[in-house]
Amino acid sequence: MNHSQRAPRQRLIVAALALATALTTAQGVLAQGIDEITPNYRETDIKAVIDAVQMATGRTFIVDPRVNAKVTLIASEPMNAEEFYLAFLQLLEVNNFVAIEAGSVTRIVPNANARQAPANVTGALADETVTTVLRVENVSAAQLVPVLRPLLPSNAHLAAQASSNSLIISDTQRNVNRIRYLLRQIDRPIDADVEVVPLTYASATDIVTTINALNGGNRVEAGASAPINLVADGRTNSVLISGVPADRVKIRTLIAHLDTPREAGGDTQVRYLKYANAEDLAGKLQGQVQSAEGQETAANADIEVNIWADEITNALVITAPPASMRSIMSVVDKLDIRRAQVLVEALIVEVNINRDSQLGVTWALDGSNDDNIVGVTDFASAGSRIVPLAGASEGNDAAALAGAISEGITLGVGRISDSGVSFAAILNALQGDANTNVISTPVIVTMDNEEAKIEIGQEVPFITGQFTNTGGNNAGAVNPFQTVNREQVGTNLQLTPQITDDGTILLEITQEISSLSSSAGAVDLITNTRLIETSVIVEDGGILVLGGLIDDQVLETDQRVPVLGSIPIIGNLFRSRTSEKIKTNLMVFIKPKILLDGIGSMQVTGEKYNYLRNLQQGDRSVPLIRDAVRPTLPPLEEQVRDTPPTQPPADIMQEDSGGE
């Protein structure tokens, strides 16, 4: 088959494919129904789209032979027939075609021929082409053509009719409405030498500054005619124009074009905050604006800057000129951000070792019955109670005997008689070992640059005074009472973290540990206090020692009888010795961790939560109570970790410090 024979056949195949595509598309639109149309055309022949619109809307189209293009129309949501037709008009405009309404028929032609084609002269859709006449009453229509022409697209038609002083315009309904609005602002009497143009949306100061800058100075030269002068009246927000009428028309047209609403709407905006506190931020922003007077704020004195906070919605209500509004919004964008959080674990380790040893012998001689000497030795370090022991033994008083025995072992020998000399010797020996190992781990989470405090302890009453009242209604009555002051005893952690640019953490921290001690020999309770106040820099996830105390004491006491206690070997019967060793190891460590987002916070929370829940697992039944179950934490959804931790997350050091 030669080339001439193949060409008609290929054209026939292409035509058949195009027809099949058009039928498929039209059937798809009909199948969906006019209430649910979702156009999806990709590089489709425009005639196929026209067929689909015709079937959806029922309109009659006459298509110019020159209308030929591959178009794309894609919608993400269903639309009704009217919305489909409006989208079709936009599609025509993008491809340099227009739809012209002529009665019940819609003509689709290239936009270059739109001005010669008959069109609607009444209201139409925004993107349909219309032809209308705009009458001018106070200004020459011929003078307005060169002023308004740059505001229209190249395919639009604008002409002046001198006899009726009217403008004939052919363009889309949207552009015609815009020109009609501008004409209302321009078409005003100009018999006065000075014209006052009040503004509705724009700032008079900004308008004058913009026009003067556009023309290279504070005057607009109008050829050989007198110059145009512009003055802004901030009190009435008006522009005063002086000059020849023809030139004032041009300036008034430009002002009308600029005096339009901003897209954001008005000079007041509401900004909802996500993380910052609106009440705190409003005062700071208002102070910043007031301190900037004489700069940007003074240049827009026609609109006063006002910022106030709505506490319920956590929003800022801002009234400001455009330049100030942009500056304020830029500041808010940088301040209303999610702040990082810091998890701080403090590790308090205290290891105390106390060893003591006592050995002593005391004697008692009593010859008073025979008028002989009486002698007693008593060493306080040995804690002997030889006289009470002798009296309790002689009187067979078991209670007194038990109270007179000191700690350790007590061995006694002697002779108690009603006649002659009585004597007694008591050996007292004691050895003690005490070890204390305490680890406390307070944990706290706070935001960057926010102070946080955690207190874990008890309120202990301390007697501060004792008084007695006498008299009153009952003569001679005595009313004793005491004043008590309660103080916190336990672990207190107070800190303020600051995250630096390099990821380190600056901490201002106060760590206090207090506990009750023995009150023996004191008028009231005794407390032990350890306090650290410092500022440190710690790496993220690192451990730093804040401070501590290592105290090692050895106390030795040797009491003896003069001369007798110095005799070798035998002298041990006349002496008492005590040795005591006290060693204290106290260290405070800190471990901060930065939580940048919700994932990090969820992970840390899951670790702590699952650790406590694991401690509650096991045999949950309660002995002796049937069907009773110990309460446990409910399961936590594993959003970050797959398995719960098996060790306490706060165990950042070995539990035992290794003794001495």
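Heads up: numbering here begins at 1 and tracks the sequence.
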> Judged by atom type as modelled, is there a donor-acceptor pair below 3.5 Å linking the side chain of D448 to the main-chain atoms of I499?
Replying inline: yes
> With no hydrogens and no angle check, is any side-chain donor or acceptor of N237 less than 3.5 Å from a backbone partner on A204?
Replying inline: yes
> Between D259 and P198, which heavy-atom pair has the shortest distance, and what is it?
Replying inline: OD2-O, 4.3 Å
>> My understanding is that only residues two or more places apart in sequence, or in another chain, count here; which of them pass salt bridge (charged side-chain N to carboxylate O under 4.0 Å, His left out) with E450?
In response: R339
> Looking only at atom types and distance, does a side-chain atom of R613 sit under 3.5 Å from a main-chain N or O of L633, one as donor and one as acceptor?
Replying inline: yes
> E279 and N277: which non-hydrogen atoms are nearest, and at how many Å?
Replying inline: N-OD1, 3.1 Å
>> With a 3.5 Å distance limit and no angle check, can you tell me whether D333 reaches the backbone of D336 through a side-chain donor-acceptor pair?
In response: no
>> Under a 3.5 Å threshold, yes or no: a donor from one side chain and an acceptor from the other, between D206 and T209?
In response: no
> Hey, does the side chain of K593 reach the backbone of G542 with a donor-acceptor pair shorter than 3.5 angstrom?
Replying inline: no
> Would you find a donor on one side and an acceptor on the other, under 3.5 Å apart, between the side chain of E83 and the backbone of N80?
Replying inline: yes
>> The criterion is side chain to side chain donor-acceptor pair (under 3.5 Å); which residues satisfy it with S238, sequence neighbours excluded?
In response: T236
>> To check you understand the geometry: which heavy-atom pair defines the closest contact between P592 and I505, and what is its length?
In response: CB-CD1, 3.6 Å
>> We want to know whether R178 and N175 form a side-chain donor-acceptor pair, criterion being a heavy-atom distance below 3.5 angstrom.
In response: no
> What orientation do F88 and F61 show, parallel under 30°, tilted 30 to 60°, or perpendicular over 60°?
Replying inline: perpendicular
> How would you list, by chain and number, every residue that makes a side-chain contact (heavy atoms from CB on, under 4.5 Å) with V94, sequence neighbours excluded?
Replying inline: none
> Partners of R338 by side-chain contact (heavy atoms from CB on, under 4.5 Å), sequence neighbours excluded?
Replying inline: Y275
> Mind checking what makes side-chain contact (heavy atoms from CB on, under 4.5 Å) contact with M329, not counting sequence neighbours?
Replying inline: Q269, R271, I318, M325
> Nearest heavy-atom pair of L281 and A276: which atoms, and what distance?
Replying inline: CD2-CB, 4.3 Å
>> Once side-chain contact (heavy atoms from CB on, under 4.5 Å) is applied, do any residues pair with V145, and if so which ones, sequence neighbours excluded?
In response: A160, L167
> Charged N to carboxylate O below 4.0 Å: is that the case for E43 and K70?
Replying inline: no
